[in-house]
Amino acid sequence: TQLLEQSPQFLSIQEGENLTVYCNSSSVFSSLQWYRQEPGEGPVLLVTVVTGGEVKKLKRLTFQFGDARKDSSLHITAAQPGDTGLYLCAGGSGGGADGLTFGKGTHLIIQP
Amino acid sequence: ETGVTQSPTHLIKTRGQQVTLRCSSQSGHNTVSWYQQALGQGPQFIFQYYREEENGRGNFPPRFSGLQFPNYSSELNVNALELDDSALYLCASSPDRGTEAFFGQGTRLTVV
């Protein structure tokens, strides 16, 4: 059974600070996706990484896929209150027949 | 806006009843997946349909079943509802198997 562990589970910081959240597994994934979810809504796709060592930037968000494709990180620079939400990582296997394996998420609160 | 819509948004059912949830996928996407998200957890994969046939299934009993139609719509059916079936049910549309998943807003099912 593939598992993804996210840390920290909860994070509350002040506006303007930087932060990093982590997604770790003992399994290898063919791709890893990061989502942000608001309460009562579906997850919104932020980025997909597929190559070991890959780094992608989305404005103030930087995503990295580990060299062995077992872990990933999300770094936010100068966090803003609009970044508040549940951040989920999800690992995919080739062909997709096993669906996505999600972590439990990191609840992020950015205080003004 | 992902182009994936789910109905209804909220639903209350009694234990033992049956329920049908509906999803309209993004045009051109031939793959649809369904997930169950309990409170405080990440989404759990139920099953995936590719070109109207079940392509993969997670660890859910047979009373969870589905259909995918040629017009990019799909259904999730749950028989003999149990209290633990209370959750947010998410539909995800993908251009093809193993590609990025785009989620709808979900259906909140409460079983009493």
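So that the names make sense, note that chain A is the first sequence line, chain B the second, and so on, each numbered from 1.
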- Query: Going from CG on A:D98 to CZ on B:R57, what distance comes out if it is rounded to the nearest 0.5 angstrom?
  - Reply: 13.5 Å
- Query: What residues, two or more places apart in sequence or in another chain, satisfy side-chain hydrogen bond (donor to acceptor under 3.5 Å, both in side chains) together with A:Q6?
  - Reply: none
- Message: Using 0.5 Å steps for rounding, measure from the CD atom of A:Q37 to the CG atom of B:L90.
- Response: 6.5 Å
- Bottom line for B:T99: the part with an atom under 4.5 Å from chain A's heavy atoms is backbone
- Query: Is it the backbone or the side chain of B:Q6 that comes under 4.5 Å from a heavy atom of chain A, or both, or neither?
  - Reply: neither
- Query: Top residue by heavy-atom pair count (under 4.5 Å) with chain B, among A:H107, A:Q9, A:E38, A:Q33?
  - Reply: A:Q33
- Message: Give me the atom names and distance for the closest heavy-atom approach of A:L88 to B:P43.
- Response: CD1-CD, 4.1 Å
- Task: Check step by step if side-chain contact (heavy atoms from CB on, under 4.5 Å) holds for B:F45 and A:L100.
- Result: CA-CA 7 Å; B:F45 174 64; A:L100 293 172; over 6 Å; no
- Query: Is B:I12 atom CD1 crowded by more than 12 heavy atoms from other residues, nucleotides or ligands, each under 6.0 Å away?
  - Reply: no
- Neighbour count above 12 (heavy atom, 6.0 Å) for A:R60 CZ: yes
- At what distance, to the nearest 0.5 angstrom, does CZ of A:F102 lie from CD of B:Q41? 13.0 Å
- Message: Does A:K104, at its NZ atom, have more than 12 non-hydrogen atoms belonging to other residues, nucleotides or ligands within less than 6.0 Å?
- Response: no
- Using a cut-off of 6.0 Å, state whether more than 12 heavy atoms not belonging to A:E5 lie near its atom CD. no
- Which atoms of B:Y35 come close to chain A, meaning under 4.5 Å heavy atom to heavy atom: side chain ones, backbone ones, both, or neither? side chain
- Taking everything shown except B:R15 itself, do over 12 heavy atoms lie less than 6.0 Å from its CZ? no
- What do you reckon, is CG of B:L83 surrounded by more than 12 foreign heavy atoms closer than 6.0 Å? yes
